[in-house]
Structure formats: structure tokens, C-alpha cells
Amino acid sequence: MDRKNSGLKIGNPLFHKALQQETQSIPPIWMMRQAGRYHWHYQNLRKKHSFEELCKNPDLAAEVAWGPVSDFDFDLAILFSDILFPLDCLGLGLEYTDKGPRLQRFLNEENIDHLVAIDEAVEGMQFQKLAVQKTREKLPIHKSLIGFVGGIWTLFCYGIEGKHAGNLIHPKQSIHVRKKFFTMMDFFLKENIRYQLEGGAEVVMVLDTAAGALSPQEFASIIIPSLRSLTAAYPGKLGYYCKEGTESQIAMLQEIPGLAGVGFDHRIDLPTQLRKKTRGFIQGNFDQCLLFRDKANFATSLEEYLEPLQTLTPEERQGWICGLGHGILPKTPEENVRYFVETVRKVFA
């Protein structure tokens, strides 16, 4: 069946209501990295295929993304891929090892002007468009599909030193290289986002995990202009996530016209943010580490998390997309993931 021409509404009703900030009792549920290493479905596929093959083969990427939606009944699926592939397309030589991703070379003053031409580089991301298309075809019609790209600052940090954590001294002092990289990547990310939207993604998340390491002043001068440029190109289609983001950063983000919404980690008080009735959706933010607790203690932790949210009216909870503060960690007990989904729906029914 040609879904686009069938007249049927594609996507999850709860997610669509959250995007429009319409009142509803039960929030849509989506977890970052929900198709990752904790899940038996992924593990079985990984025994036969490399991580890169799972990402770059559209049929396999669709299979991985579908797995947890089928198993846990999440309301959303997300493109299965990785934020670092743009660096590979630019010629930095990315490989995935048992110890994580590794670049063969790093951005610096000498090579910033000698990377792969940006038009050619972005063509290397076409596999994500195909993966989104295949995922949409595989998903039930009542499930939503979102995409993602790496935040420009996080990509820069990886490009400079092969990581996005720690004190980030080198990225913060490489101002000249950063400006050139940002100019290139503005075009790259816009094209990459276009691919995913054309493939069938309803929203594309900008995952900027390293942005929380910036001061409010640097966040305003480095992150906000770039995000404004992306959002102006795709109003209402981009969400933004910042690990360890502060309330001042969230306030800045919610002033960006056309930004679809903001996600943040467990350090931010969710009920307070919801009461502010800010623009766009709010995604988050149960502490993913608590999923490792034994059944009784996990149930107590989840109850304590949900209790203040239950005191809010459905109107106050408008725009909430329920999930974790960050991605599901490897070896997370699957029974706790299932209990999380079932409990949230039961509590707010």
C-alpha cells in the first residue's frame, strides 16, 4: 500500500498532539538509544553485522529501529545511525572499534581548508535518507518516526580531539578553525536534515551532547546562531537536545522562532519547566542510570519521579514527550524498560 497516497494519517497521535501542545492525558514515550546495545534484537543482529553495516545498510537500519517499537510499544522510532558519519564524509577517516569510534586524523589549522569538498561530502549521507524511507515502510502506520543529526559544536569537539567530554580545552581555544568548520557545516547539516525529512522523518533532533560544557555566554554566541540558521531553514521540524544543559540555556533555546522543542537530562526539574508553558515540546527526563535498580527499588524510583508530574493538570503537561535524561545504557534490564512504558501509561490513563 502506498501510505502517502492512502489518505490515512501517518504517525503517532500522541506525538502529534505533543508537537502541537494539545491537551492529552497520556504522553508519547520515546527513549534515546532505544534501539541500542541493551536490546536482544540489536544484539542478535550485531552478531552477524558490524555496527557500520547496521547503520549504512538501509534495510538493516530499519530492522534495528523497528525492534524496540515492536517489543516495548514505544510511540516513536528514530533513525538508527550515528552522529559522527559527517566527519567521515569530510575525510577524517572514521572507524568503529571495540573501544568506540576513532578518527584517523583531527581537525586543525593545516587541514581545515583541505577537507573533502562540502557538496561531495554531504552526498555521502544519502544512506540516511534511504534508511529513513525503509524504516517508515517497516513501521506500523500509527507509529511516528524522527531523525537526528549531531549538533555542530559536538561534531566540532569530536573533530578536534576525538571526543566530546572532559574539559574541552582544544575545541574552546581553536576559534579560527571553529569558525571555518561552522561555515561548512551549516550547509552540510541543512542538506543532511533535508535528506531525512524527505525520507519521511516527522522531526529531526539536533543532538548536541557537548554543548552543556559551554558557559552561558559561549552558548549564546556559539550555539544559538547556528541553531537559528538551521531552524529558519526548517521551522517546526527541528528539536534540540543538550546534555547537562542549564535553565538559562533552555530559556535561550525557547526564544528561537520555529524550534519544535527541547530535550534535557535528569538534572533539570521537569515539572517546573512544564509549568512555564514554554513554546514547543519538552522531552525527558528520567535518570537512565536508575533503570539498573532491582525491580522493587526501580518501581519506587519511577513512582517518585512520576508523582510530581501527576500533580500537574493535563493542560500543564501539554507538549511533554516522556523519556530519559539521556540514552539507554548498555546492559540495561529490559524488564525495567517494559515496566517504565507500562507504568507511565497506566498512571496517566
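For K143 and E202, the salt-bridge test fails: no basic side-chain N is under 4.0 Å from an acidic carboxylate O. Taking a cutoff of 4.0 Å between a charged side-chain nitrogen and a carboxylate oxygen, R338 and D73 do not qualify as a salt bridge. R293 and D287 are not joined by a salt bridge, as no carboxylate oxygen comes within less than 4.0 angstrom of a charged side-chain nitrogen. Using a 4.0 Å cut-off between charged nitrogen and carboxylate oxygen, E335 and K295 do not count as a salt-bridge pair. Salt bridge annotation for R194-E198: present, with a cationic side-chain nitrogen under 4.0 angstrom from a carboxylate oxygen. Between D265 and K243 there is no salt bridge, since no side-chain nitrogen of the basic residue lies less than 4.0 Å from a carboxylate oxygen of the acidic one.
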- Audit row: Q283, Y240, side-chain hydrogen bond (donor to acceptor under 3.5 Å, both in side chains) steps and yes/no: CA-CA 9 Å; Q283 178 262 321; Y240 182 86; over 6 Å; no
(message) Go through it in stages, so that I can follow the logic: the residues are E22 and H16, the test is side-chain hydrogen bond (donor to acceptor under 3.5 Å, both in side chains), and I'd like the CA-CA distance, side-chain angles, deciding distance and then a yes or no.
(response) CA-CA 9 Å; E22 296 178 12; H16 291 169; over 6 Å; no
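Residues I222 and R178 meet the side-chain proximity criterion, which asks for heavy atoms closer than 4.5 Å. Contact of the F106 side chain with the N108 side chain is not registered, since no non-hydrogen atoms from C-beta on lie closer than 4.5 Å. Using a 4.5 Å heavy-atom cutoff, the side chains of P171 and E161 are in contact. Residues E52 and E95 are not in side-chain contact: their nearest non-hydrogen atoms beyond the backbone lie 4.5 Å or more apart. The side-chain heavy atoms of L54 and R46, taken from C-beta on, include a pair separated by under 4.5 Å.
Atoms NE2 and CG, on H266 and L324 in that order, are 10.5 Å from each other to the nearest 0.5 Å.
Within a 6.0 Å radius of CZ in R37, no more than 12 heavy atoms belonging to other residues, nucleotides or ligands are found. Remark: K179 NZ is loosely packed, at most 12 non-hydrogen atoms of other residues, nucleotides or ligands lying under 6.0 Å away.
Between H326 and Y241, the ring centre distance stays below 6.0 Å. Here the two rings, on H39 and F72, have centers that are under 6.0 Å apart. Ring centers of F85 and F127: under 6.0 Å apart, within the cut-off. Taking the six-membered ring wherever Trp is involved, the centroid distance between the rings of W66 and F74 does not fall below 6.0 Å.
Ring pair F51/F80 is perpendicular by interplanar angle, where above 60° counts as perpendicular and below 30° as parallel.
Distance alone, capped at 3.5 Å, is enough to place a donor-acceptor pair between the R317 side chain and the S25 backbone.
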